[in-house]
Amino acid sequence: MPELRLFNTLTRGKEAFEPLDSDHIRVYACGPTVYNYAHIGNARMAVVFDLLASLLRKLYPKVTYASNITDVDDKIIAAAQETGEPIDTITEKYSRIYNEDMGALGVEPPDIQPRATQHIGDMIALIEKLVEAGHAYEAEGHVLFNVPSFPAYGGLSGRSRDDQIAGARVEVAPYKKDPADFVLWKPSTEDQPGWDSPWGRGRPGWHIECSAMAEVHLGLPFDIHGGGADLKFPHHENEIAQSCCAHGAEDDLAAFAKFWVHNGFVTVQGEKMSKSLGNITLVHDLIDQFPGEALRLTLLSAHYRQPLDWSVEAIEQSKSMLDRLYSILHNAGEVGEDTEVPDEILDALCDDLNTPKAMAELNSLAKALAEAESPIVKKELTNKLLAAGRLIGILNHAPSEWLGYGSGGEDLEIDALLAERKQAREDKDFARSDEIRDELLEKGIAIEDTPDGTKWRRTG
RNA sequence: GGCGCGGUGGCAGAGUGGCUAUGCAGCGGAUUGCAAAUCCGUGUACGCCGGUUCGACUCCGGCCCGUGCCUCCA
């Protein structure tokens with residue numbers, strides 16, 4: 001079994017992954033706040049951690065992958081006020097759509113998908129611990145985490161206290177003891193969602209939910225915590241502060257999660273795709289225009305820590321590659337059965353999820369399959385290719401279905417034109433034959449003349 | 001300003017101290033009535049300037065350029 005190596009943000013280096021308990025791997029990734037459609041940048045995180053989870057399942061007997069849904073947040077409140085829809089309606093709708101859209105990208109649902117609103121009690125308990133331990137204080141209905149009480153603060157994102165102050169341009173709320181202090185609990189007005197707490201009716205700050213849910217569902221410490229690179233600071237830094245301090249581990253940043261894995265951004269013409277820049281592309285729209293596998297492959301075409309520039313050309317390139325792979329599978333003919341994933345591909349993925357390398361190996365496997373003569377070899381290579389595809393989350397369609405091959409009898413008009421063309425070719429009336437071919441092409445039907453007769457398939 | 005990341009052939013994108021990445025596109029060929037599909041062949045790329053070295057795209061230093069976090073953000 002190959003050794004998995006992962007880049008750990010906490011140590012800023014690639015390390016051998018050593019499970020806390022090799023019988024049970026526990027992974028947590030920060031999921032979406034549900035008040036809107038997910039864009040392709042959000043999807044990158046889902047696809048990357050989906051792949052990591054499948055890889056871990058290949059290597060270890062049991063994996064629990066948890067990824068949350070944030071369903072209480074000021075942005076959701078704002079969306080409710082804007083649209084006039086109740087908060088529950090909004091969060092229900094967009095979490096459902098999120099799961100559907102990710103499903104279209106071949107993302108398996110996480111084993112656990114906890115919701116913030118179902119863990120308010122856990123959050124309150126955690127906050128109480130922090131107050132008791134002297135790491136948090138109440139001020140004007142808020143409860144704040146006192147950053148100076150945690151000298152190790154900043155260890156994940158690599159910034160010192162001095163950096164913080166130098167860079168602090170944000171207005172500091174007057175009730176904060178220290179400018180870096182962040183909110184654990186805040187008061188709610190009558191028209192805002194709220195829960196009773198020792199500090200009055202209110203709602204949680206953003207960071208506390210992940211600390212609470214990861215602990216409840218996975219136990220501490222757990223193996224891998226992940227998310228997008230922009231969550232390193234402040235979100236993940238604050239999670240570490242809360243969780244380590246609540247458990248008396250003020251000097252051990254790894255007491256919460258051992259490995260921190262962050263995926264890079266999706267960019268558009270070199271700039272980060274973000275809601276504030278307004279350059280977002282919604283997954284919901286993309287899946288109407290392109291096959292999910294092509295979108296997934298595009299997301300995996302760059303290494304997960306590198307920026308990935310999103311463009312229609314990039315999707316079409318992935319689509320072309322898949323067309324070729326499916327075409328090779330189609331020509332090979334044999335239907336696959338379960339086989340082990342080839343070592344070259346497993347090795348590539350075990351090297352910090354080197355998907356571009358894995359794709360190169362996949363292509364070389366496909367090339368070998370295309371060249372293979374013997375039925376036994378063909379079958380073996382087909383099975384390997386499909387096993388690798390399943391791990392990566394592609395090649396899940398029947399080749400003829402993907403390529404759009406049609407058979408006789410499903411469209412009378414096409415059958416008639418094909419028959420007429422056949423006759424024309426027999427009569428050496430190639431002008432008419434080519435005319436029919438163009439006519440069919442306009443209808444989105446491409447013709448392939450083979451020694452076994454004419455085949456057709458739907459294009460686009 | 002502080003802290004990071006990156007600059008690879010037409011495009012996308014890995015990687016390595018000396019040996020073909022891979023894909024997409026292009027070009028040439030086989031095949032085809034012509035095509036399509038498929039197959040074969042084809043491209044001495046590594047931001048700039050120094051240094052280390054027998055040898056650097058790969059290590060070190062400087063510079064230029066791009067980009068990210070520092071504020072909600074995957």
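This one's a predicted model, so the numbers in the text were calculated from it and none came from an experiment. Residue numbers begin at 1 in each chain, while the letters A, B, ... track the order of the sequences.
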Nucleotide nearest Ala360(A) when distance is taken to its side chain, options G15(B), C24(B), A21(B): A21(B)

Selected nucleotide, minimal atom distance to Ile328(A) side chain, candidates A74(B), C34(B), C39(B): C39(B)

C34(B): pairing nucleotide in any strand, Watson-Crick or G-U under 3.5 angstrom: none

Sugar-phosphate, base or nothing in reach of Ser327(A), heavy atoms under 4.0 Å: sugar-phosphate

Phe233(A) side-chain proximity, nearest of C70(B), A74(B), C72(B): C70(B)

Sugar-phosphate only, base, or nothing, as touched by Gln306(A) at under 4.0 Å among non-hydrogen atoms: sugar-phosphate

Separation of the P atoms in C73(B) and C65(B), to the nearest angstrom: 32 Å

Touch class at under 4.0 angstrom, heavy-atom based, for Ala446(A) against every strand present: nothing

Sugar-phosphate, base or nothing in reach of Ser433(A), heavy atoms under 4.0 Å: base

Separation of U22(B) P from Met359(A) CE (nearest whole Å): 14 Å

Touch class at under 4.0 angstrom, heavy-atom based, for Arg432(A) against every strand present: nothing

Under-4.0 Å side-chain N/O to phosphate OP1/OP2 contact, Ser364(A) with A21(B): no

Complementary nucleotide of C5(B), counting Watson-Crick and G-U pairs under 3.5 Å: G66(B)

Parallel, tilted or perpendicular: rings of Phe17(A) and Phe259(A) (30°, 60°): perpendicular

Sugar-phosphate only, base, or nothing, as touched by Ala370(A) at under 4.0 Å among non-hydrogen atoms: sugar-phosphate

Derivation of the ring-ring contact (aromatic ring centres under 6.0 Å, His included) call for His225(A) and His262(A): CA-CA 9 Å; His225(A) 191 129; His262(A) 292 97; 8.0 Å; no

Side-chain donor-acceptor pair present, Ser211(A), Glu239(A), cut-off under 3.5 Å: no

Arg421(A) CZ - A35(B) P separation (whole Å): 13 Å

Interatomic distance at P, U8(B) relative to G41(B), whole Å: 28 Å

Touch class at under 4.0 angstrom, heavy-atom based, for Leu231(A) against every strand present: sugar-phosphate

Plane angle bin for Tyr153(A) and Phe233(A) - parallel if under 30°, tilted between 30 and 60°, otherwise perpendicular: perpendicular

Watson-Crick or G-U wobble mate for G17(B), both contacts under 3.5 Å: none

Presence of Trp206(A) side-chain N/O under 4.0 Å of C73(B) phosphate oxygens OP1/OP2: yes

Sugar-phosphate only, base, or nothing, as touched by Val48(A) at under 4.0 Å among non-hydrogen atoms: nothing

Test applied, side chain to side chain donor-acceptor pair (under 3.5 Å); reference residue, Tyr304(A); option that passes from Asp352(A), Asn354(A), Thr355(A): Asp352(A)

Below 4.0 Å: OP1/OP2 of A37(B) and any side-chain N or O of Asn331(A): no

Touch class at under 4.0 angstrom, heavy-atom based, for Asp73(A) against every strand present: nothing

Touch class at under 4.0 angstrom, heavy-atom based, for Arg425(A) against every strand present: base

Distance test, side-chain N/O of Lys367(A) to OP1/OP2 of G23(B), below 4.0 Å: no

Separation between the C1' atoms of A45(B) and U38(B), rounded to whole Å: 29 Å

Sugar-phosphate, base or nothing in reach of Lys272(A), heavy atoms under 4.0 Å: base

Touch class at under 4.0 angstrom, heavy-atom based, for Arg437(A) against every strand present: base

Touch class at under 4.0 angstrom, heavy-atom based, for Asn363(A) against every strand present: sugar-phosphate

Sugar-phosphate only, base, or nothing, as touched by His39(A) at under 4.0 Å among non-hydrogen atoms: base

Geometric class of the His207(A)/His235(A) ring pair [parallel <30°, tilted 30-60°, perpendicular >60°]: tilted

Along RNA chain B (nearest heavy atom to each residue), the more 5'-positioned of Glu271(A) and Leu308(A): Leu308(A)

